[in-house]
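One structure is given below, encoded as structure tokens.
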Amino acid sequence: MLQLIETLCRLPGVSSFEEPVRDFIRTRVAPYADQMRVDALGNLIVWKRGKKSAGNKLLLCAHMDEVGLMVRRITDEGYLKVAAVGGIDRRVLIGKPVQVGPRGVPGVIGLKAYHLVSAEEEKKVPKLDDLYVDIGAGNRAEARELVAVGDSVTFVSDCVPFGSGMLKAKALDDRIGCAVMMKLLEEELPLDTTFVFTVQEEVGSRGAFGAAFSVQPELALVLETTTAADLPGVGEEQRVCAPGKGPVIPFMDLGCVADRELFELLRRTARENGIPWQTKHYLSGGNDAAAIQRTRTGVRTATLAAAVRYLHAPAGVASVRDMEDMLELARLFLHAVAQRV
């Protein structure tokens with residue numbers, strides 16, 4: 001599981017540029033799939049037959065894309081001006097290494113020299129318009145030989161296990177969910193299951209809506225990550241969840257209220273099998289669950305997530321044990337649903 005997550009996190013996959021992630025997943029799961037297709041938006045939809053016939057009743061979903069940047073202009077001096085793709089924390093961008101475009105051109109995010117910053121500017125978070133990506137080009141012509149307007153800009157961050165069972169990497173959101181689904185696809189399933197690896201979640205769950213509309217499931221489990229806030233200076237009332245305390249089973253977020261029966265099934269399954277779990281104590285964020293839940297005449301939907309610190313930044317931190325427990329709870333959830341079919 002850990003090795004798979006490390007491999008997935010190293011792949012570039014900014015929203016609408018998910019091909020490297022999708023190609024890797026498609027190659028890896030092909031031997032275990034009964035049906036597989038890529039839809040018009042780029043979602044990878046995989047169906048696997050289980051012990052019980054259920055057709056498209058159950059859908060599992062995780063998104064392949066990550067937050068990043070996109071080149072919107074090349075200056076006369078050869079610097080790249082960028083736009084955000086997804087919700088980016090601008091406070092942590094300065095000086096971060098990136099790779100640009102399909103050729104993976106190395107670059108670094110820059111800002112006006114510190115000795116030129118006014119006292120007033122020092123107090124403010126720089127606007128994205130104030131930042132640029134330096135790829136070492138001497139002018140616009142040199143830059144255009146390497147990159148183009150519209151190219152993706154992906155964070156470069158080593159994937160490093162450290163501390164007491166923690167993992168630091170970019171794109172943990174949501175390569176953890178992708179890894180869980182890939183591992184489940186390798187196993188014998190208790191019922192027919194559709195697995196959807198979605199695109200463009202970070203820019204509005206665009207892939208999930210189209211995929212769910214096509215698959216037409218009755219039940220859906222979204223495998224995700226969620227922001228943790230177990231940090232110094234954060235009051236108890238604002239702490240969402242914490243890495244190391246088990247998978248997160250949200251009762252609601254800012255976009256979706258979990259199906260009550262599926263929510264209860266998840267936490268009862270966790271309790272009965274000795275799997276530590278937690279829920280959100282401060283409501284924040286949203287994910288593909290909102291889009292899936294509202295598709296067609298509605299889909300009964302729940303979410304299972306891993307707590308991640310520093311979400312939507314060049315590097316996040318999560319607990320390896322939480323990832324393993326998330327896989328086990330998702331596995332047991334499938335068996336629990338199969339008993340009700």
Practice item. Please name all residues satisfying ring-ring contact (aromatic ring centres under 6.0 Å, His included) with Tyr79, sequence neighbours left out, ordered by chain then number. Key: Tyr132
Review point. Can you check whether Gln216's main-chain N or O pairs, donor with acceptor, with Arg296's side chain at less than 3.5 Å?
Key: no
Check your understanding: If you look at every heavy atom in Gln293 and Gly255, which pair is closest and at what distance?
Key -> OE1-O, 4.5 Å
Check your understanding: Is atom NZ of Lys245 surrounded by more than 12 heavy atoms (other residues, nucleotides or ligands) closer than 6.0 Å?
Key -> no
Review point. Does NZ belonging to Lys52 count more than 12 external heavy atoms closer than 6.0 Å?
Key: yes
**Study point:** From Leu69 atom CG to Leu131 atom CG, the distance as rounded to the nearest 0.5 Å
**Key:** 8.5 Å
Exercise for review: Please report the C-alpha distance between Arg49 and Asp34 in whole Å, then the side-chain angles of each, then the deciding distance to 0.1 Å, and finally whether the salt bridge (charged side-chain N to carboxylate O under 4.0 Å, His left out) criterion is met.
Suggested key: CA-CA 7 Å; Arg49 184 175 290 107; Asp34 289 295; 3.4 Å; yes
Check your understanding: Do Thr193 and Lys57 have a side chain donor and acceptor closer than 3.5 Å?
Key -> no
Point to revise | Donor-acceptor under 3.5 Å (Asp192 side chain, Ala54 main chain) | key: yes
Check your understanding: Are Leu185 and Leu332 linked, directly or through other ILVMFWY residues, by side chains that come within less than 4.5 angstrom of each other?
Key -> yes
Review point. Cluster question for you: counting only ILVMFWY and a side-chain heavy-atom cut-off of under 4.5 Å, with indirect links fine, are Val46 and Phe213 together?
Key: no
**Study point:** Crowding at CZ, Arg91 (>12 non-hydrogen neighbours, <6.0 Å)
**Key:** no
**Study point:** Minimum-distance pair of heavy atoms, taken over all atoms of Ile176 and Ala318
**Key:** CD1-CB, 4.2 Å
**Study point:** Contact check, side chains of Trp277 and Val248, non-hydrogen atoms, under 4.5 Å
**Key:** no
Review point. With Leu41, which residues qualify under side chain to side chain contact (heavy atoms under 4.5 Å, CB included), at least two apart?
Key: Asp39, Asn43, Val199
Check your understanding: Atom CZ of Arg321 and atom CE of Met166: how far apart are they, to the nearest 0.5 Å?
Key -> 13.5 Å
Review point. Quick one: do Trp47 and Leu60 end up in the same hydrophobic cluster if we chain Ile, Leu, Val, Met, Phe, Trp and Tyr together by side-chain heavy atoms under 4.5 Å apart?
Key: no
**Study point:** side chain to side chain contact (heavy atoms under 4.5 Å, CB included) between Val100 and Leu80, worked out
**Key:** CA-CA 10 Å; Val100 185; Leu80 313 181; 4.1 Å; yes
Review point. Is a donor on one side and an acceptor on the other found under 3.5 Å between the side chain of Lys170 and the backbone of Cys9?
Key: yes
Practice item. Carefully, step by step, assess Arg300 and Glu218 under the rule salt bridge (charged side-chain N to carboxylate O under 4.0 Å, His left out). Key: CA-CA 6 Å; Arg300 296 174 55 199; Glu218 295 178 28; over 6 Å; no
Check your understanding: How many angstroms lie between atom CD1 of Ile88 and atom NE2 of His312, to the nearest 0.5 angstrom?
Key -> 7.5 Å
Review point. Taking C-beta and beyond as the side chain, do Arg28 and Leu8 meet within less than 4.5 Å on heavy atoms?
Key: no
Exercise for review: For side chain to side chain contact (heavy atoms under 4.5 Å, CB included), just list the numbers for Glu66 and Thr154, CA-CA rounded to whole Å, side-chain angles, deciding distance to a tenth of an Å, and then say yes or no.
Suggested key: CA-CA 9 Å; Glu66 63 189 280; Thr154 308; 3.7 Å; yes
Exercise for review: Please report the closest heavy-atom contact between Pro161 and Glu6, naming both atoms and the distance.
Suggested key: CG-OE2, 3.5 Å
Practice item. First locate atom CE of Met64, then atom CZ of Phe197, and finally report the distance between them rounded to the nearest 0.5 Å. Key: 8.0 Å
Point to revise | His63 and Asp173: side chain donor to acceptor below 3.5 Å | key: yes
Study note, to complete from the structure: Taken in chain and number order and not counting sequence neighbours, the residues that satisfy side chain to side chain contact (heavy atoms under 4.5 Å, CB included) with Ala208 are Thr198, Asp288, Ala291, Ile292
Check your understanding: Can you list the steps and then say if Val196 with Leu44 is a side chain to side chain contact (heavy atoms under 4.5 Å, CB included)?
Key -> CA-CA 6 Å; Val196 178; Leu44 177 62; over 6 Å; no
Point to revise | Val29 and Glu186: CA distance, side-chain angles, deciding distance, side chain to side chain contact (heavy atoms under 4.5 Å, CB included) verdict | key: CA-CA 7 Å; Val29 305; Glu186 295 176 2; over 6 Å; no
**Study point:** side chain to side chain contact (heavy atoms under 4.5 Å, CB included) against Arg294, all qualifying residues, sequence neighbours excluded
**Key:** Ala290
Check your understanding: Under 3.5 Å, is there a donor-acceptor pair between the side chain of Thr269 and the main chain of Arg267?
Key -> no
Exercise for review: Would you check if the side chain of Ser157 reaches a backbone N or O of Ala169 as a donor-acceptor pair within less than 3.5 Å?
Suggested key: no
Point to revise | Pairs flagged by salt bridge (charged side-chain N to carboxylate O under 4.0 Å, His left out) wherever residues 134-158 is involved - sequence neighbours left out | key: Asp76-Arg140
Study note, to complete from the structure: Here the pair of heavy atoms bringing Leu184 nearest to Ala330 is CD1-CB, 4.1 Å
Check your understanding: Would a 4.5 Å heavy-atom cut-off, applied to side chains only, mark Leu172 and Ile5 as touching?
Key -> yes
Point to revise | Shortest non-hydrogen contact from Arg175 toward Leu11 | key: NH1-O, 3.1 Å
Practice item. Go through the structure and list residues passing side chain to side chain contact (heavy atoms under 4.5 Å, CB included) with Phe333, not counting sequence neighbours. Key: Leu58, Leu221, Leu262, Leu265, Leu266, Val337
Check your understanding: Is Leu4 close to Lys183 at the side-chain level, that is, under 4.5 Å between some pair of heavy atoms?
Key -> yes
Practice item. Calculate, to the nearest 0.5 Å, the distance between atoms NZ and CD belonging to Lys280 and Gln278 respectively. Key: 11.0 Å
Exercise for review: I would like to know whether Lys127 and Asp130 meet salt bridge (charged side-chain N to carboxylate O under 4.0 Å, His left out); could you show each step before the answer?
Suggested key: CA-CA 5 Å; Lys127 297 179 181 179; Asp130 298 328; over 6 Å; no
Review point. Taking the side chain as C-beta and beyond, is there a heavy-atom pair between Met182 and Ile25 under 4.5 Å?
Key: yes
Review point. Counting only N and O atoms by type, is there a donor-acceptor contact under 3.5 Å from the side chain of Glu18 to the main-chain atoms of Gln200?
Key: yes
Exercise for review: Could you tell me whether a side-chain N or O of Asp322 sits under 3.5 Å from a main-chain N or O of Gly246, the two making a donor and an acceptor?
Suggested key: yes
Check your understanding: Of all heavy-atom pairs between Ser15 and Glu202, which one has the smallest distance, and what is that distance?
Key -> OG-CB, 3.5 Å
Exercise for review: Flag the pair Arg206 and Glu201 as a salt bridge only when some basic side-chain nitrogen lies within less than 4.0 angstrom of an acidic carboxylate oxygen.
Suggested key: no
Review point. Taking C-beta and beyond as the side chain, do Phe17 and Val85 meet within less than 4.5 Å on heavy atoms?
Key: no
Exercise for review: Quick one: pull up OG in Ser319 and CG in Asp325 and give me the separation to the nearest 0.5 Å.
Suggested key: 8.0 Å
Review point. Is there a side-chain contact between Cys159 and Gln3, using heavy atoms and a 4.5 Å cut-off?
Key: no
Point to revise | Residue pair Arg331 / Glu187, side-chain heavy-atom distance below 4.5 Å | key: yes
Exercise for review: Would you kindly confirm whether Val222 and Val215 end up in one hydrophobic cluster when ILVMFWY residues are joined by side chain heavy atoms under 4.5 Å apart?
Suggested key: yes
Point to revise | Leu2 with Val180, same ILVMFWY side-chain cluster at under 4.5 Å | key: yes
Check your understanding: Is it the case that Thr75 and Lys81 place a side-chain donor and acceptor less than 3.5 Å from each other?
Key -> no
